[in-house]
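In what follows, residues are counted from 1 in the order of the sequence shown.
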Amino acid sequence: MEQVPENWQRGLVIVAHPDDIEYGAAAAVARWTGQGKDISYLLVTRGEAGIAGMAPAQAGPLREVEQIAGAREVGVHTVEFLEHPDGRIEEGLALRRDLAAAIRRHRPEMVVLLNFGDTWAPGLVNSADHRAVGRSAMDAISDAGNEWIFPELADLAPWSPRWAAVVGPVVTHAVDVSAHLAQAHDSLAAHRRYLQVLNPAIPVEEQVREVVAMATGPKEGFPAAHAVGFELFTFAG
């Protein structure tokens with residue numbers, strides 16, 4: 001298995017909800033910011049429908065604060081939120097346009113995405129929001145470099161990323177994150193209120209250890225005790 005290319009400086013992580021990044025990619029982000037790379041986060045929603053028993057008007061601002069705190073733990077200081085509705089994201093032109101605009105604003109060489117396949121594993125269905133965001137983002141990577149698809153974005157210069165790295169069940173490339181587990185723990189632990197409601201029977205710290213261990217386990221054919229794996233896609237940028 002090959003190493004993820006690291007001859008780039010700017011990266012953009014695009015996900016649907018607060019905590020999506022911390023469930024898979026935070027340790028890799030910590031590695032990259034530690035190398036001096038400039039990483040930004042783009043969240044399509046504020047996760048306002050994500051806490052049972054808490055109204056969206058209260059949950060959205062709370063989850064935004066938790067996400068910003070989690071980002072800082074891994075060296076990310078630019079966190080942008082779009083205004084699409086949590087749980088009701090629609091795949092299509094409107095989302096592609098918003099994502100293409102964000103790619104032109106941030107001008108990343110590397111885009112990081114979450115699994116957008118139909119499943120996480122046999123019998124485990126992926127969320128509709130994850131599917132919509134990932135598929136639209138892959139299209140938006142090409143859209144961002146084409147001056148004619150969204151002419152209403154003419155005030156933003158076209159931009160073409162070089163790669164997209166997708167966290168998910170298919171792994172073609174990986175990075176060694178053995179030195180960044182503590183940062184990954186702290187980043188996920190910042191989502192404390194969310195995790196407390198998600199599984200009230202298990203202490204937050206225990207949930208965090210389990211998630212980070214699963215996300216950073218060894219990858220077959222890659223020489224690291226702790227690694228984050230990706231499916232890598234190459235573009236013409």
Side-chain angles (χ1 to χ4, degrees), residues 1-43 67 69-79 102-103 106-117 120-121 126 130 133-134 137-138 141 160-191 208-237:
M1 183 179 298
E2 296 183 52
Q3 160 88 27
V4 173
E6 293 186 323
N7 56 330
W8 50 274
Q9 184 60 29
R10 292 185 309 279
L12 179 65
V13 186
I14 301 175
V15 296
H17 318 106
D19 82 72
D20 284 350
I21 299 163
E22 289 70 29
Y23 265 78
V29 172
R31 171 188 169 94
W32 291 328
T33 59
Q35 295 171 343
K37 300 185 192 306
D38 180 9
I39 309 289
S40 300
Y41 286 176
L42 179 71
L43 292 96
Q67 181 60 72
R72 286 176 180 157
E73 294 291 348
V74 292
V76 173
H77 301 284
T78 299
V79 183
I103 290 168
H106 292 279
R107 303 175 75 79
E109 299 152 271
M110 172 69 78
V111 176
V112 177
L113 304 173
L114 193 68
N115 173 35
F116 52 87
W120 280 102
N126 199 359
H130 295 163
V133 168
M138 287 294 274
I141 289 171
S160 298
R162 297 171 64 186
W163 300 283
V166 181
V167 179
V170 177
V171 177
T172 61
H173 293 66
V175 291
D176 184 349
V177 296
S178 301
H180 304 284
L181 301 186
Q183 289 167 278
H185 279 91
D186 292 344
S187 186
L188 180 56
H191 297 271
V208 168
R209 285 194 299 271
E210 291 178 357
V211 169
V212 173
M214 181 173 60
T216 63
K219 303 295 182 285
E220 184 176 357
F222 191 75
H226 299 277
V228 174
F230 300 90
E231 183 175 11
L232 187 71
F233 296 84
T234 301
F235 294 84

[X] versus [Y], closest heavy-atom pair with distance:
X	Y	answer
Ala27	Thr216	CB-CG2, 3.9 Å
Ser40	Val76	CA-CG1, 4.3 Å
Arg162	Asn7	NH1-O, 3.3 Å
Val171	Gly168	CG2-O, 3.8 Å
Ser178	Ala225	OG-N, 4.1 Å
Asp176	Phe222	N-CE2, 3.7 Å

Quick check: His180 with His226 (ring centres under 6.0 Å apart)?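 They do not qualify: ring centres at least 6.0 Å apart.
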Ring pair (Phe, Tyr, Trp, His ring centres under 6.0 Å) with Phe230: which residues, sequence neighbours excluded?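 Counting only residues at least two positions away or on another chain, Phe230 forms a ring pair (Phe, Tyr, Trp, His ring centres under 6.0 Å) with Trp32.
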[X] (side chain) donor-acceptor with [Y] (main chain) under 3.5 angstrom:
X	Y	result
Thr33	Val74	yes
Gln9	Gly36	yes
Glu2	His173	no
Asp20	Leu114	no
Ser187	Glu73	no

Candidate pair Trp163 and Val4, rule side-chain contact (heavy atoms from CB on, under 4.5 Å), full reasoning: CA-CA 10 Å; Trp163 300 283; Val4 173; over 6 Å; no
Going from [atom1] on [X] to [atom2] on [Y], what distance comes out if it is rounded to the nearest 0.5 angstrom?
X	Y	atom1	atom2	value
Thr172	Lys219	OG1	NZ	12.5 Å
Leu113	Ile141	CG	CD1	5.5 Å
Asp38	His77	CG	NE2	9.5 Å
Phe235	Met110	CZ	CE	10.5 Å
Ile103	Ile14	CD1	CD1	4.5 Å
Leu232	Gln3	CG	CD	10.5 Å

Hey, are the side chains of Glu22 and Gln67 touching, using non-hydrogen atoms and a 4.5 Å cut-off?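 Side chain of Glu22 against side chain of Gln67, heavy atoms only: contact under 4.5 Å found.
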Is there a side-chain contact between Arg10 and Trp8 in this structure, where contact means two heavy atoms from C-beta onward sitting under 4.5 Å apart?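 The answer is no, as the side chains (C-beta and beyond) never meet within the 4.5 Å cut-off.
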Report, as yes or no, whether the 6.0 Å neighbourhood of atom CZ on Arg72 holds more than 12 heavy atoms from other residues, nucleotides or ligands.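 12 or below, so no.
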Should His130 and Asn115 be marked as a side-chain contact (heavy atoms from CB on, under 4.5 Å) after you check the CA-CA gap, both sets of side-chain angles, and the distance that decides it? CA-CA 7 Å; His130 295 163; Asn115 173 35; over 6 Å; no
Can you name the salt bridge (Lys or Arg N to Asp or Glu O under 4.0 Å) partners of Glu210, sequence neighbours left out?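 Applying salt bridge (Lys or Arg N to Asp or Glu O under 4.0 Å) to Glu210 gives none.
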Verdict with reasoning, Val228 to Arg31, per side-chain contact (heavy atoms from CB on, under 4.5 Å): CA-CA 10 Å; Val228 174; Arg31 171 188 169 94; over 6 Å; no
